[in-house]
Every structure is written in structure tokens, then in C-alpha cells.
Protein chains: 2
Amino acid sequence: MSEYKSSIMLVDDHPLLRKGLKQLLALEDELQVIAEASSGAEAIPLAVELDPDLIILDLNMQGMDGIATLKKMRDEGVTSRIVMLTVSDADEDVVNAISNGADGYLLKDSDPELLLEQIKRSLTGKMVLSEEITQVLATALRRPAVKTSAELNSLTNREHEILSFIAKGLSNKLIARELTISDGTVKVHVKHLLKKLGLRSRVEAAVWMVNQQAAKT
Amino acid sequence: MSEYKSSIMLVDDHPLLRKGLKQLLALEDELQVIAEASSGAEAIPLAVELDPDLIILDLNMQGMDGIATLKKMRDEGVTSRIVMLTVSDADEDVVNAISNGADGYLLKDSDPELLLEQIKRSLTGKMVLSEEITQVLATALRRPAVKTSAELNSLTNREHEILSFIAKGLSNKLIARELTISDGTVKVHVKHLLKKLGLRSRVEAAVWMVNQQAAKT
DNA sequence: TTGGGAGTACCTATTAAGTGGTAATTAGTA
DNA sequence: TACTAATTACCACTTAATAGGTACTCCCAA
């Protein structure tokens, strides 16, 4: 092995998990954690500035989620290897991550030894996927009927936000109050989101969305 | 402080998180992790045998989840303090955990220092809750809307039938056509079922029902 | 045999939701 | 710079949904 130390950046909104991960990485002399971030917003400028060899990125973060962060980083010209580390083995997440330029997709509940092994393999330029993921990916690719994520992605942030309120059963008036905008504006967003999703009422939207969320578990 | 070392057991199916947590607890001399488990099934006999001072229990585990594990442990006579550590701040989870004998409910994304502080406080016999949780708990208790199958059973056959159409996103008019009755009659049933379930709109009903169905899995 | 729940239907009144426009602002892009 | 997408707001209009009644039929149990 060379004496070059690989620089690694951790992005995860769980401090505990960062701790565990850091400890794991510390087992290898050639791995060096040079930065940590607890959110996408925080991570992006850091990534641009430091351009580490590897970025380990959590998928499920509050605020900007992992996929959005990944996209933004690639947009900003970050060329680091980026590996997603997550609890979710949902089809769309995997597919989304890979197709948006992730170099790997690992599960948090993997055996730590294995995880470390794969992180090192990733640094050699290989695409790394957790066991379970390989299977998921294969079946996901076999049926390209993944209209779900595609259609969800066609929504703007605001529309998506409002959809999730609808999926909680809120009325336009209540949503308006939550977001401090007029209920007329909420109606506009609802109108647009219904059109984009090809649905005929907020009830259909609520049902669709709740099923969507349930499927992710 | 006394010289007695508190015995702690960790139950979480994420090895990484266990690592982080162990490292955190190692900062305090009087805390000693005497056992780890990666599942409820594994944890229960261990808890019975070791009867540690504190059990830190993950809520979202594969197989037997945290609540089930908690219940079973209490059933088996485990008297350890049990603190839930989780990412979920869902009302029901919190209420469920507390009412099933948990002595605390902490969030994984809390600041580690704070977490350690609260774990120590828990060992002195105090109920510990993360900041965010206090709020959730308060609002959850304010509305004792713990409706489940009991309230589903209070519906007549027709009402139930119509509820499931609502849960598919159908309008009153379409439901009427399906059942070959007038849409005015459908409205009557909807009116009754909303009242019985204590819901404010068909959207709430749809969301509730779909979640109900999803939970059955 | 009478009372009540369930299911049906209709009526009125009010509120919520959805549609189709116009338009201003801002941020980002060609 | 001109263009575009996103977000916001307002207006007018139509349809859907909800709440409160009355009322008739059927069936089952007291």
C-alpha cells in the first residue's frame, strides 16, 4: 500500500453515528477524516473547498436530503467519490442515488468490518453496494416502471411540501396557516400538483402519497 | 459521586450506532457497557439474565421492534431502567413507549453531550425526554384520540364499505355509482362515519384508513 | 307489537375544493 | 439582457363536501 492518506468527509445529521463511523475509520491508518457536516447545506461548501477523496453521505437527513445534497455537489463540480450510507433499501432511493452520481450505496446496519472493507474498496475506484442492495437494484432495473420517484421529482419543493400536508389530512386553509401564505396560493399549488401527478382530487393525492410513504418502510 | 459503576446494555441493530454510543459512554468512568444486542430476540434473555441498571433500546429495529421488545422485557420481569433511543418523534411511538414502561425517550440526532447528560440523569431515576419530545407528548395528551379497531367496529357495514371507497380516493358521486344508491345517501353515510371516527373531512378519513391498512402488515 | 338501528332518499344552507385567468417578484439560465 | 421557472396573490366561477333536518322501509329484539 502507498503511504498516501485518503481524506474523508462525513455528512450525517446524527452525531452519534458520525462518532461510530469515525471510530471505525480510525482503525485504518491510511484513512483520515478531514471534515464533518451535519446537514447538506453545511456539507456542500465544505465539499467544494476541501474536495476530499471520499464523501460518506447520509440519505435521510432533515432539511436538504441526501439525494438533493448529492445532486448539488455534483452540480458544483465536486469530483470526490461519494458513497451513500443509509438505512433505506427502498428501490427508488437506490436508483436515484446511483443515477445521480453516487459511487456506492451502503447500509448502516451492515457489519462494521464489511463496511470498512467496502469503504476502502470504494477508494480504489470501485462501485460498492451492500449485499442487499445488489438484489434490490437488479429487481428494480428489471421493471423500469418506477414512475413513482419520477413523478414525485417533477414536483417543486413547495408542491411537495404541500402534498405531504395533504397526506396528513390538512385542508387548504390549515396548510395556508402552517406555511403563512394565503389559501388561494395553496389552491394554486394543489392545482399544479394534481395536474403533474395526473390525479383528480386531494383525496386521491392523499391516498397515493400515504401508500407511497408506507411502501418505503 | 459514588464509585459504583452503572451497568448498561445497548440494543440496536446498527452496529455503527452502537459503536458511537459506546464511545460516548466510555467518556464517563462510572458507566460500563456490559452487553450489546442487535435485536429484540437477542436482547430479552440477556436482559433477564444480566438485569443491568440501564437498557438503551432502539425503537426501529427489524424483526421485533423496540416497543414489542420493551413490553416483553417488562413482562419477563426486567426492572432495569429502559430508555428508548430513536429517530422517530411520531406521537404514537412516544406515547406507546412511555405507556409501556419506558423510562425515557431520546432522539438519536440530539447533541451527544446532551445525550450523555440525560443518560446519566436517567440513572438517577429521572424520566428523561428529548426537548422535542416534551412538546410532542404534551400535544399528544391533549387529544386522547387513540382510535383503532374499536372505532372501526363501531361503523355499520355500509359505513365501513364507504370508508374503504374513500380510502381509494373516490368521490361521493363515484361511490354512489359503485353501490347504485344516490349520492345524497352516500353523503349521509359519510357524515355518520366522520362523526363516529371523530374526523373532520374525508381526506382525514382516507389518510387514517390507509395508514390503518398499512399498519396491518 | 312496539321501539330502534340500519339503510335509503330528499331538502336547505354553508363551507371547501377545484378551474381558469392575470400578474408581480425573484432567482437562475440562455 | 431576455427568458423561464417558481412562488406568491387575487378574482370569478363551478362543483364537491359537510351539517342539520324529516321521513319512509325493513328487520330484529324486547
Side-chain angles (χ1 to χ4, degrees), chain A residues 40-41 44-45 48 63-65 68-69 71-78 150-210, chain B residues 150-210:
Chain A
I44 292 166
V48 172
M64 192 187 301
D65 73 9
T69 307
K71 269 189 203 168
K72 190 76 178 152
M73 280 181 178
R74 290 304 188 208
D75 274 359
E76 300 277 323
V78 171
E151 284 182 308
L152 258 185
N153 285 339
S154 75
L155 300 185
T156 67
N157 288 335
R158 206 48 154 178
E159 287 161 358
H160 198 288
E161 198 173 7
I162 284 177
L163 214 205
S164 51
F165 279 121
I166 291 179
K168 284 182 188 166
L170 300 210
S171 66
N172 289 337
K173 208 164 283 183
L174 286 177
I175 296 174
R177 206 171 302 161
E178 284 289 327
L179 301 176
T180 19
I181 57 180
S182 85
D183 64 332
T185 302
V186 175
K187 285 186 181 185
V188 174
H189 291 306
V190 172
K191 178 173 26 174
H192 290 160
L193 114 222
L194 287 179
K195 185 150 213 168
K196 283 185 183 175
L197 298 177
L199 300 172
R200 263 155 274 125
S201 72
R202 71 197 295 100
V203 190
E204 283 192 9
V207 171
W208 181 79
M209 190 62 199
V210 173
Chain B
E151 279 177 280
L152 252 187
N153 288 338
S154 75
L155 300 186
T156 67
N157 288 336
R158 206 48 153 177
E159 286 162 359
H160 197 288
E161 194 174 7
I162 285 177
L163 214 206
S164 50
F165 279 120
I166 291 179
K168 285 181 188 167
L170 300 210
S171 67
N172 289 337
K173 210 164 281 184
L174 286 177
I175 296 173
R177 206 171 301 162
E178 284 291 325
L179 300 176
T180 22
I181 57 180
S182 86
D183 63 332
T185 303
V186 175
K187 286 185 182 181
V188 174
H189 292 307
V190 172
K191 184 183 0 181
H192 291 160
L193 114 222
L194 286 180
K195 186 151 212 167
K196 283 184 183 175
L197 297 178
L199 299 172
R200 263 153 285 134
S201 73
R202 70 198 292 102
V203 189
E204 283 192 8
V207 171
W208 180 76
M209 191 62 199
V210 174

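Heavy atoms only: backbone and side chains are in, while hydrogens, waters and symmetry mates are out.
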K.L.:
For D:dA16, take OP1 and OP2 only and decide whether either is under 4.0 Å from a side-chain N or O of A:S201.
P.N.:
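Checking D:dA16 against A:S201, no side-chain N or O comes under 4.0 Å of OP1 or OP2.
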K.L.:
Choosing from D:dT8, D:dA19, C:dG18, which nucleotide comes nearest the side chain of A:K187?
P.N.:
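So the side chain of A:K187 is nearest to C:dG18.
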K.L.:
What residues form a salt bridge (charged side-chain N to carboxylate O under 4.0 Å, His left out) with B:K187, not counting sequence neighbours?
P.N.:
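With neighbours one apart ignored, the set is empty.
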K.L.:
Of the residues in residues 168-186 of chain B, which ones touch DNA chain D at a heavy-atom distance under 4.0 Å?
P.N.:
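Result for residues 168-186 of chain B: B:S171, B:N172, B:K173, sorted by number.
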K.L.:
Using a cutoff of under 3.5 Å, can you pull out all pairs of nitrogen or oxygen atoms linking the protein to nucleotides 21-30 of chain D, with atom names and distances?
P.N.:
none

K.L.:
According to side chain to side chain donor-acceptor pair (under 3.5 Å), who are the partners of A:R74, at least two apart in sequence or on a separate chain?
P.N.:
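A:R74: side chain to side chain donor-acceptor pair (under 3.5 Å) contacts with A:D103.
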K.L.:
For B:R202, which contact category applies under a 4.0 Å heavy-atom criterion: base, sugar-phosphate, or nothing?
P.N.:
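Answer is sugar-phosphate: B:R202 comes under 4.0 Å of backbone atoms only.
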K.L.:
Got a sec, which residues hit side-chain contact (heavy atoms from CB on, under 4.5 Å) with B:L194, two or more places apart in sequence or on another chain?
P.N.:
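Residues passing side-chain contact (heavy atoms from CB on, under 4.5 Å) with B:L194: B:V190, B:L199, B:A205.
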K.L.:
Starting at CG of A:L197 and ending at C1' of C:dG18, how long is that distance when rounded to a whole Å?
P.N.:
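Atom-to-atom, A:L197 to C:dG18, this comes out as 15 Å.
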K.L.:
Begin from the C-alpha positions of A:K196 and A:T156 and carry the test side chain to side chain contact (heavy atoms under 4.5 Å, CB included) through to its verdict.
P.N.:
CA-CA 10 Å; A:K196 283 185 183 175; A:T156 67; 3.8 Å; yes
K.L.:
Could you walk me through whether A:I166 and A:W208 pass the side chain to side chain contact (heavy atoms under 4.5 Å, CB included) check?
P.N.:
CA-CA 11 Å; A:I166 291 179; A:W208 181 79; over 6 Å; no
K.L.:
For the helix from C:dG3-D:dC28 to C:dA30-D:dT1, what is the angle between the axes at its two ends, each from 5 pairs, rounded to 10°?
P.N.:
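Its terminal axes enclose an angle near 40°.
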K.L.:
Sequence neighbours excluded, which residues qualify as side chain to side chain donor-acceptor pair (under 3.5 Å) partners of B:E178?
P.N.:
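By the side chain to side chain donor-acceptor pair (under 3.5 Å) rule, B:E178 matches no residue at all.
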K.L.:
To the nearest 0.5 angstrom, please state how far the NE2 atom of B:H189 sits from the CG atom of B:N157.
P.N.:
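Taking NE2 in B:H189 and CG in B:N157, the distance rounds to 11.0 Å.
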K.L.:
If only side-chain N and O atoms of A:H189 are considered, is one of them under 4.0 Å from the OP1 or OP2 phosphate oxygen of D:dT8?
P.N.:
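Yes, within the criterion.
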K.L.:
For the pair A:V186 and A:F165, evaluate side chain to side chain contact (heavy atoms under 4.5 Å, CB included) and give the outcome as yes or no after the intermediate values.
P.N.:
CA-CA 11 Å; A:V186 175; A:F165 279 121; over 6 Å; no
K.L.:
Compare side-chain N and O positions of A:T156 against OP1 and OP2 of D:dT7 and report whether any pair is under 4.0 Å apart.
P.N.:
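Answer is yes, contact under 4.0 Å.
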K.L.:
Nearest to the side chain of B:K195, heavy atoms from C-beta on, is which of D:dG20, D:dA17, C:dG18?
P.N.:
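Ranking D:dG20, D:dA17, C:dG18 by closest atom to the B:K195 side chain puts D:dG20 first.
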K.L.:
Scan residues 160-175 of chain B for pairs that pass salt bridge (Lys or Arg N to Asp or Glu O under 4.0 Å), counting only residues two or more places apart or in two chains.
P.N.:
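Applying salt bridge (Lys or Arg N to Asp or Glu O under 4.0 Å) to every pair that reaches into residues 160-175 of chain B, excluding sequence neighbours, yields B:R158-B:E161.
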K.L.:
If the condition is side chain to side chain donor-acceptor pair (under 3.5 Å), which residues does B:S171 pass it with, not counting sequence neighbours?
P.N.:
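Here no residue qualifies.
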K.L.:
Identify, with sequence neighbours excluded, every residue that meets side-chain contact (heavy atoms from CB on, under 4.5 Å) alongside A:A41.
P.N.:
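Residues passing side-chain contact (heavy atoms from CB on, under 4.5 Å) with A:A41: A:S39.
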K.L.:
List, with names and distances, any nitrogen or oxygen atoms from the protein found under 3.5 Å away from nitrogen or oxygen atoms belonging to nucleotides 27-30 of chain C.
P.N.:
none

K.L.:
For B:R200, give me all partners under side chain to side chain donor-acceptor pair (under 3.5 Å), at least two apart in sequence or on another chain.
P.N.:
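B:R200 satisfies side chain to side chain donor-acceptor pair (under 3.5 Å) with B:E204 only.
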K.L.:
Which distance, rounded to the nearest 0.5 Å, do you find between the CD1 of B:I175 and the OG1 of B:T185?
P.N.:
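These two atoms lie 12.0 Å from each other.
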